[in-house]
A.B. asks: 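Below you will find the structure I want to go over with you.
All chains are named by letter (A, B, ...) in the order of the sequence lines, taking the proteins before the strands, and each is independently numbered beginning at 1. Given the structure is predicted, the values throughout are model-derived calculations rather than measurements.
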Amino acid sequence: MNKSLTTSWNHIRRSPYQSFAAIFIMMQTFFVITLFAFIVVGSARVIGYFESLPQVTAFFKDEAKQTDIDSLEAQIKATGKVSQITFVSKQEALARYQKQNKDDAILLDLVTADILPASLEISTNSIQDLSSVSQILKSSSSIDQVVYPKDIVNNLTIWTNALRKIGLAVIGVLVLDAIFLMVIIIGIKVSHKKQEIEIMRLLSATNWYIRWPFLLEGMIYSIVGALLGYAFATGALLSATPFLESFLGNAFLIPDQVNFLAILFAGELATAIILGCLASFLAVLRYLK
Amino acid sequence: MIKLEKVTKTFGTGAVAISDITLTIERGEFVFLIGPSGSGKTTFLRLLIRDMIPSEGSIFVNDIDVVKLPKNKVPHLRRKIGIVFQDLKMLMDRTIFENIVLPLEMSNTDKKTARERVDAILEQVGIIDQKNKFPIQLSGGELQRAAIARALIFSPDILLADEPTGNLDPTTSWEIVKILQDINKAGTTVVMATHNADIVNNLLKRTIALEKGKLVKDTKQKS
């Protein structure tokens, strides 16, 4: 194995431009894969964040009695679709209003607890439950208005689904590109060494003795490409995090997920080894019949 | 040791390289394989190392059925047969030491043993001082010795030499023949393809003559 590794290193060293091209395409591929992973996980977290917010807010009519409110609350809980339900009384609504507008004395003077409605803030287990819970609330005679960010979440889901599809397609194309380019590069190297390989065969070399350095070479390109792609993508994410946090808030905190980053790194490394091995094996099969 | 039975080799073009050859070479023999260019000498040697497969007939080397030998066993056969190629087939970007140690690396011989073995062989063929030079830095005779050294690295039972004196002056040619004789005396069967009538006539060894792929003469003269 040491000898094969030395031979692979010599192959790489002696044709630096080809090696650079192979590493570069691999780096591009893994850069996009890493970014895509960030987007997938990030968007899932953003959607999860919105889903975890009080998604449905039902405002009660002023004449609503406490028994109606309790009955409706019990009815909603009984659906089993609710993860959290909070009753906000008129006084609590005023307290929130005062907190939000503490710097504006005029606004504070104008509003009293009487003009603010009591409400129920409801989080559902999943985004699909929003609609049915909302229907129950709307059908209640004590409810004045139901508000829920259905459109935001729906749009977000459509966008992230589209993004996932586009991302997968781009990765697919890049992976194919990378494999083709690696097959060509390793193929050129095999062709270049045809005479040497022929001599080795005559001198009793086994097929694997000849194949190993080329397979290792492919793996080295992929691994180095994956390391660089991962490093650049992670670096880009880390530097963009303050900006992303400025409008996504706590919803977007991938860098604090060390486990996720470690698993992603290990996954990419394994993918790189498989990809490099596959590409060089295809080249070896093609050119070392 | 080496046994050919009704061996014929026809190429895809229809050209017949070897035609219906039957012969046996015993262990420890020194055999000259002679004939004009295109008579089938090189094909004969290539058939023995399974570099090509005969169209008809069977070949046995040390009781190994060369024709039916599975592909993955071919390297094992080639470790039992040393061969000096007509064009030497040295790797020009490697030193003499690296060229000769290569077959040992292929067989996973440990570094120390390999180094000692290469030094001993280079000493035997008389080019130990050249071991760190590249092939281009060596004379024709020295290169031929290096090729012989590489062929001997596994201490093979059989040594095949394809025109080892082809491009050498008479003195150097005789030096090479002397090396081959010494190897033969140590027990290795030597088959040497040559055009050099002077050497053949002087050594009085068994001579197999080929012409247009056919066996036209087979002597068993002893020195």
A.B. asks: Starting from the C-alpha separation in whole Å, work towards a yes-or-no answer on side chain to side chain contact (heavy atoms under 4.5 Å, CB included) for B:Ile183 and B:Ile148.
C.D. replies: CA-CA 10 Å; B:Ile183 293 162; B:Ile148 292 170; 3.8 Å; yes
A.B. asks: Is A:Glu198 in contact with chain B via its backbone, its side chain, both, or neither, using a 4.5 Å heavy-atom distance?
C.D. replies: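 It is the side chain, since no backbone atom gets that close.
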A.B. asks: Using a 4.5 angstrom heavy-atom cutoff, name the option from B:Leu77, B:Val74, B:Leu91 with the most pairs to chain A.
C.D. replies: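 Maximum pair count with chain A is reached by B:Leu91.
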A.B. asks: For the side chain of B:Arg78 and the backbone of B:Ile49, is there at least one donor-acceptor N/O pair under 3.5 Å apart?
C.D. replies: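 Answer holds: yes.
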A.B. asks: Is B:Arg150 close to chain A through its backbone or its side chain, or both, or neither, when contacts mean heavy atoms under 4.5 Å?
C.D. replies: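 Only the side chain of B:Arg150 comes within 4.5 Å of chain A.
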A.B. asks: Would you say the rings of A:Phe265 and A:Tyr230 are close, in the sense that their centroids are separated by under 6.0 Å?
C.D. replies: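 Yes - the distance between ring centres of A:Tyr230 and A:Phe265 falls below the 6.0 Å cut-off.
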A.B. asks: Is it the case that the side chains of A:Glu217 and A:Ser280 hold a donor-acceptor pair, with the cut-off being a distance below 3.5 Å and no angle test?
C.D. replies: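 Absent: no donor and acceptor within the cut-off.
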A.B. asks: Side chain, backbone, both or neither: which part of B:Met92 has a heavy atom under 4.5 Å from chain A?
C.D. replies: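 When you check distances to chain A, no heavy atom of B:Met92 falls under 4.5 Å.
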A.B. asks: What part of B:Arg94 gets closer than 4.5 Å to chain A, counting heavy atoms only: side chain, backbone, both or neither?
C.D. replies: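 Side chain only.
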A.B. asks: Do we see a donor-acceptor contact under 3.5 Å between the side chains of A:Arg164 and A:Asn161?
C.D. replies: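 Short answer, no.
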